[in-house]
Structures are given as C-alpha cells and as structure tokens.
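To keep things clear, I will list the structure first and then write my remarks on it.
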Protein chains: 2
Amino acid sequence: MDEPLRDMRTLVIQLRERIADLIREQALRPGDKLPTEAQLTARFKISRPALREALKLLEQDGLIYVEHGRGRFVSAISAIQIDRPITVFESVTEMTGHYGYNTVNKVLSISEEAPDAALAKQLHLDEGARVIRLERLRLEHDDPIMYCVDYVPRSIITARLYDIDWSGSLLALLDQYKQRPRMSAASVSAVMLPQDVVDRNDLRNFGPALLITETCFNAAGTPVVYALDYHKGSHFSFSLARR
Amino acid sequence: MDEPLRDMRTLVIQLRERIADLIREQALRPGDKLPTEAQLTARFKISRPALREALKLLEQDGLIYVEHGRGRFVSAISAIQIDRPITVFESVTEMTGHYGYNTVNKVLSISEEAPDAALAKQLHLDEGARVIRLERLRLEHDDPIMYCVDYVPRSIITARLYDIDWSGSLLALLDQYKQRPRMSAASVSAVMLPQDVVDRNDLRNFGPALLITETCFNAAGTPVVYALDYHKGSHFSFSLARR
DNA sequence: CGGATCATATTTGTCAGACAAGGAGGATCA
DNA sequence: TGATCCTCCTTGTCTGACAAATATGATCCG
C-alpha cells in the first residue's frame with residue numbers, strides 16, 4: 001500500500017512526518033491505538049531501530065504515548081494544537097500582525113550608553129563595551145498598545161546611529177549585519193508601566209502590562225538583543241501548550 | 001568513572017538526562033564536540049540503539065546537532081536552558097514550591113453549578129452536565145499571592161462535595177479518580193483582579209496580575225479542569241525558551 | 001456454572017554485531 | 001608543491017535475538 005520512503009533527509013525525520021500524517025489521515029483520536037512496531041516496519045519497509053527513533057520523537061512531541069506490553073496510542077495533545085504559541089520565536093512586528101494589528105512605530109529615544117552590570121552580563125559584553133538603547137512605542141490607530149526598550153551591542157551596528165531608520169523592524173536591521181536573532185530566553189510577568197514612562201508619554205490609561213523580557217541569540221548562540229516589551233494587557237494574550 | 005544507570009524509568013529517558021547533565025558538568029560550549037556514540041555506550045554501559053534514541057531526543061530539543069561522519073555537537077540553544085519553563089506542566093503547588101513559597105490554601109467557596117456555554121465547550125460537556133466551581137486564595141505568610149478559580153466536571157468526582165478537603169492539591173484529588181491532568185492548553189495575559197473579588201477579599205493592594213487560563217487534559221485527552229490562576233505580578237515571573 | 005489461576009501470544013524494551021555512507025587527514029605520486 | 005587516493009573515524013541503517021510487561025484464553029476447582 002505504501003511505497004518505501006527514500007529522499008535526502010534522514011530516514012527517521014521522514015518517518016516522523018509520515019507517521020504524523022498517518023494519524024491525521026486516519027483521523028485517529030486521543031486514546032486510539034497506533035499500528036504495532038511490526039506493522040509499521042512492514043508498512044514502511046524500514047528497520048525497527050529507525051522506526052523506534054521516529055516514534056520516540058513523536059512521543060517527545062506529545063503526539064503519542066506508549067505503554068509497555070500494550071502498544072502506542074494517540075495522546076491528547078494532538079487535539080490541542082495551539083495555532084501560534086508564544087514559544088515560537090518571531091519578531092514583534094510579525095506577532096502584532098498575527099493579532100490583526102497594523103501598528104506604527106514611534107521612536108521615543110535612541111542613544112548610545114554604557115551598559116549596567118546586569119545588562120553587560122546578559123549580552124556577554126566585555127569591559128568598556130557600549131550598547132545602543134532604543135525606546136519605542138507601538139501605536140494602533142494612534143493608540144499605544146506596546147512600549148518597548150531594546151538594547152543592542154554597539155559593536156554589531158557599524159553605521160552611524162542617525163543614519164538608520166529606527167522605526168522599522170529591528171530584526172530586519174540585524175539581519176543586514178548577519179546577526180538575525182533566531183531564538184531567545186524569555187521571562188513573562190505582569191507589571192504596571194514605569195511611572196516615568198507613563199508621565200513622559202501620557203500613558204495613564206495603559207493599565208496592567210504583560211512584560212516579556214528576553215535575550216535574543218543569533219544562530220551561533222551569541223546574544224544580540226536584550227528586549228523589554230510591555231504589552232497592553234487589554235490587547236494581548238499569548239497561548240502555549242504545557243505538558 | 002560512571003556507573004551504569006538503572007531505575008524504573010526507561011533507559012532512554014534516563015540517558016537523555018544524563019547526557020544533558022554531561023554537557024552542563026563539562027561546561028561544553030556551543031560548537032563543542034560531544035563524545036562519540038562508541039564512547040558514550042562504553043561510558044554508560046548501554047547499547048547503541050538506546051543511546052541513539054536518547055541523542056535523537058536531545059537533538060529534537062535543540063540541545064545538540066549532528067553532522068554525518070563528523071560527530072555530534074552542542075548547539076546554541078544549550079546556552080539558554082531555562083531551569084523550569086512555564087511550558088512544563090505541573091501543579092500550582094509544585095510551581096509555587098519551586099519559587100520558594102510555602103503557600104496555604106484558603107477555600108473561598110465551593111459550589112456545584114451549571115456551566116455557561118463557553119465553559120461547557122472548553123470541558124466538552126454534554127447538555128445538562130454540571131460542574132464544580134472551586135474558588136481559592138493562596139497565602140504566603142497570610143499574604144495572598146494567588147487567586148484561583150477551578151472548574152471540574154461534576155461527573156468526575158463521585159464523592160459528596162462536603163466530604164472532600166478542597167484545600168489540598170486538586171491534582172492529587174483528580175489522581176485518585178484516575179483523572180490526573182497531564183497537559184494543558186494555556187493562555188497568558190495581564191489583568192487586574194475582578195472588582196468583586198477585590199471587594200470581597202480585601203485585595204486592594206494585589207496590583208497587576210498574571211492571569212493563566214488553562215484547560216487541562218488527562219492522559220486520554222479528555223478535559224478535566226478549566227482553571228483561572230491570577231498570579232500576583234510582584235511575586236511571579238515565568239520563563240521560557242523561544243525558537 | 002463461576003471464578004481464580006496459569007500458560008501462551010502479543011507488544012514494547014534492550015542488546016549485540018554488522019555493513020553502508022559521509023567526512024577528515026595523512027600517505028602517495030606526479 | 002599540489003592533487004589524488006586510501007584509510008580511519010563517525011554516524012546511518014539493518015538483522016536477529018532475548019527480556020519484560022500486558023492481554024487473552026484455557027484450565028482447574030469449588
């Protein structure tokens with residue numbers, strides 16, 4: 001029924017995909033039993049070790065679970081697919097766009113300064129290194145829905161500060177310098193906006209904010225941005241799967 | 001140097017942990033080479049298939065990557081390992097304990113009621129099904145740091161409401177009925193406590209709250225709890241990796 | 001006939017050994 | 001000196017086997 005699979009990716013990766021497809025196609029529901037290892041090896045014409053590696057991956061994904069001596073079963077998480085979880089790294093611009101917002105960036109301030117100790121540690125900066133501090137407001141129909149502060153090591157940006165349009169995507173800018181962030185370590189909390197920010201920008205009605213503090217890393221694992229993003233509580237909620 | 005590993009969990013799961021430990025202990029940095037499969041099988045006294053399954057898991061985690069013919073290497077993400085990410089499902093009791101809090105539960109109300117349409121949908125309830133509504137406050141040294149509302153399908157709990165000590169762990173209770181939650185679909189936002197809750201419980205100084213709304217599922221994929229957890233903003237912040 | 005017990009089959013967990021395929025580095029040869 | 005080839009190392013895949021947990025049905029006994 002199914003031809004054996006052969007292309008350039010490793011067998012195991014192909015297998016994982018094929019088995020996930022199988023679950024979808026056959027509309028297997030949580031609790032349903034998967035074919036046994038023997039049946040799957042016969043079906044895909046592959047060896048048991050390769051199959052087991054693929055199944056382990058699906059198990060780690062939470063798509064299936066296993067009971068020794070009984071078999072493998074479709075697990076619950078297959079039913080709770082989150083459309084755009086917060087755990088997927090994306091730029092703020094992409095994120096707001098996904099929420100249906102079409103925001104305009106307003107640069108509040110741009111400056112070069114010496115990092116404090118905590119920041120220098122986050123960005124792995126040497127003694128005497130400097131950072132660019134970018135403070136922005138994101139407006140939806142002139143209504144502020146995000147307040148953002150970004151810190152970028154000065155050494156990354158070779159251009160002069162005032163030759164750059166800072167109202168665009170920071171990710172796109174870093175991409176030009178081959179420093180596109182790929183992943184981040186983030187922490188989430190609920191706060192009120194700092195009082196001075198409220199005063200300076202007339203944000204008395206901003207209300208509670210979801211603060212995401214994250215250190216972003218490029219593909220090589222070097223930190224390239226430290227960001228504080230205050231999301232207006234009434235406008236944002238992030239989804240994720242826990243298991 | 002290392003004794004072989006034996007306990008009740010499957011070998012592969014133990015192995016994954018041991019190898020992750022190895023990376024930490026030896027302070028391997030992104031790009032560093034891992035021991036070869038041959039060295040690891042010798043070290044841990046396990047077979048190659050078992051080892052490979054474990055390595056595949058770490059690869060999927062993004063902790064390591066592999067190059068055919070060259071070896072396995074530590075990847076960038078290993079640098080941003082989050083100790084206890086929010087994406088790991090655990091009970092509120094476990095979570096607060098991890099934060100160093102030793103909270104006392106105070107039951108505000110317990111009742112049986114008819115779910116509204118949204119709730120019935122979240123819990124996959126049939127027409128006419130009823131739910132238990134549990135409203136609690138978590139106190140740290142008499143200071144409220146969480147306000148929680150849980151909804152559980154009435155059909156799960158066979159005992160009479162007032163025969164149960166609701167101040168304990170809800171997870172432990174559900175476990176007794178073989179309905180232990182294993183995973184959840186959650187959403188995170190920043191809010192103020194509802195006004196009536198503030199008034200009734202004297203919570204004027206609670207400040208902004210991190211609200212986690214989640215539907216919890218048992219191993220079979222059936223929803224068993226719908227929970228609203230308001231975390232006092234000044235006391236909680238959750239970490240996660242994004243990639 | 002009913003229920004408990006036991007033997008057997010099924011299914012996953014683990015192991016051993018082998019060969020294929022890709023990559024790296026040194027030896028060889030022009 | 002430089003290019004080529006060979007060999008070794010490492011990961012990818014396969015085969016076959018046995019152990020351990022579970023399910024099933026037969027058997028035995030009251």
Side-chain angles (χ1 to χ4, degrees), chain A residues 2-20 22-23 26 28 30-75, chain B residues 2-20 22-23 26 28 31-75 178 219-220:
Chain A
D2 278 285
E3 70 282 5
L5 28 87
R6 288 288 126 133
D7 66 24
M8 23 239 69
R9 293 171 303 165
T10 66
L11 245 187
V12 172
I13 302 301
Q14 303 171 49
L15 266 176
R16 178 181 61 179
E17 187 179 316
R18 291 288 297 266
I19 299 171
L22 189 72
I23 294 175
Q26 310 226 343
L28 295 182
D32 286 358
K33 191 167 182 305
L34 256 68
T36 66
E37 294 183 0
Q39 292 170 325
L40 288 173
T41 52
R43 173 165 192 153
F44 293 125
K45 310 262 199 308
I46 38 80
S47 71
R48 213 175 139 214
L51 174 72
R52 283 180 55 86
E53 288 184 22
L55 289 170
K56 261 287 181 310
L57 292 182
L58 290 171
E59 192 185 335
Q60 168 151 308
D61 273 342
L63 210 68
I64 61 178
Y65 62 92
V66 57
E67 293 186 23
H68 189 177
R70 297 222 313 135
R72 290 196 163 77
F73 305 86
V74 175
S75 86
Chain B
D2 278 285
E3 71 283 5
L5 27 89
R6 286 289 125 132
D7 66 25
M8 29 236 66
R9 295 170 303 165
T10 66
L11 243 188
V12 172
I13 302 301
Q14 303 171 48
L15 265 177
R16 179 180 59 177
E17 188 179 316
R18 290 288 296 265
I19 299 171
L22 190 70
I23 293 175
Q26 311 226 342
L28 296 183
D32 286 357
K33 191 164 181 307
L34 255 68
T36 66
E37 294 184 359
Q39 291 170 325
L40 288 173
T41 52
R43 173 165 192 153
F44 293 126
K45 309 260 199 307
I46 40 78
S47 71
R48 209 170 142 220
L51 174 71
R52 283 181 55 85
E53 287 183 23
L55 289 171
K56 261 286 185 309
L57 293 182
L58 290 171
E59 192 184 335
Q60 168 153 302
D61 273 344
L63 207 71
I64 62 179
Y65 61 92
V66 57
E67 292 186 23
H68 188 176
R70 298 221 312 134
R72 290 198 164 75
F73 304 86
V74 176
S75 80
K178 307 279 186 204

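The sequence lines fix the lettering, A, B, ..., with proteins before strands; numbering per chain opens at 1.
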- Query: So, the side chain of Gln60(B) versus the backbone of Leu57(A): is there a donor-acceptor pair under 3.5 Å, distance only?
  - Reply: yes

- Specify the separation, in whole Å, of atom CG of Leu40(A) and atom C1' of dC14(D). 17 Å

- At their closest point, which heavy atom of Gln39(A) faces which heavy atom of Thr36(A), and how far apart are they? OE1-N, 2.8 Å

- Separation of dT14(C) atom P from Arg16(B) atom CZ, nearest Å, is 13 Å

- Task: Give the B/S/- string for nucleotides 7-12 of chain C, one per nucleotide from 5' to 3', where a protein heavy atom under 4.0 Å of the base yields B, of only the sugar-phosphate yields S, and otherwise -.
- Result: ----BB

- Query: Is the backbone of Gln14(B) close enough, under 3.5 Å, to the side chain of Glu17(B) for a donor and an acceptor to pair up by distance?
  - Reply: no

- Query: Whole-Å distance between dA16(C) C1' and Lys45(B) NZ?
  - Reply: 16 Å

- Message: Is any side-chain heavy atom of Leu34(B) closer than 4.5 Å to one of Ile23(B)?
- Response: yes

- Message: Can you tell me which residue among Leu58(A), Leu11(A), Leu55(A) is in a side chain to side chain contact (heavy atoms under 4.5 Å, CB included) with Arg16(A)?
- Response: Leu58(A)

- Task: Figure out the CG/P separation between Leu55(B) and dT13(D), and round it to whole Å.
- Result: 14 Å

- Query: Over how many whole Å does the gap from Leu51(A) atom CG to dT14(C) atom P extend?
  - Reply: 15 Å

- Listed partners of Tyr65(B) passing side-chain contact (heavy atoms from CB on, under 4.5 Å), at least two apart: Glu67(B), Phe73(B), Ser75(B)

- Note on the structure: Closest heavy-atom pair, Arg72(B) versus Ile64(B), reported as atoms and distance to 0.1 Å, is CD-CD1, 3.9 Å

- Determine, step by step, whether Ile19(A) and Leu63(A) satisfy the side chain to side chain contact (heavy atoms under 4.5 Å, CB included) criterion, reporting the C-alpha distance in whole Å, the side-chain angles of both residues, the deciding distance to 0.1 Å, and the verdict. CA-CA 10 Å; Ile19(A) 299 171; Leu63(A) 210 68; over 6 Å; no

- Helical bend (five base pairs per end, nearest 10°) for the helix from dC1(C)-dG30(D) to dA30(C)-dT1(D): 10°

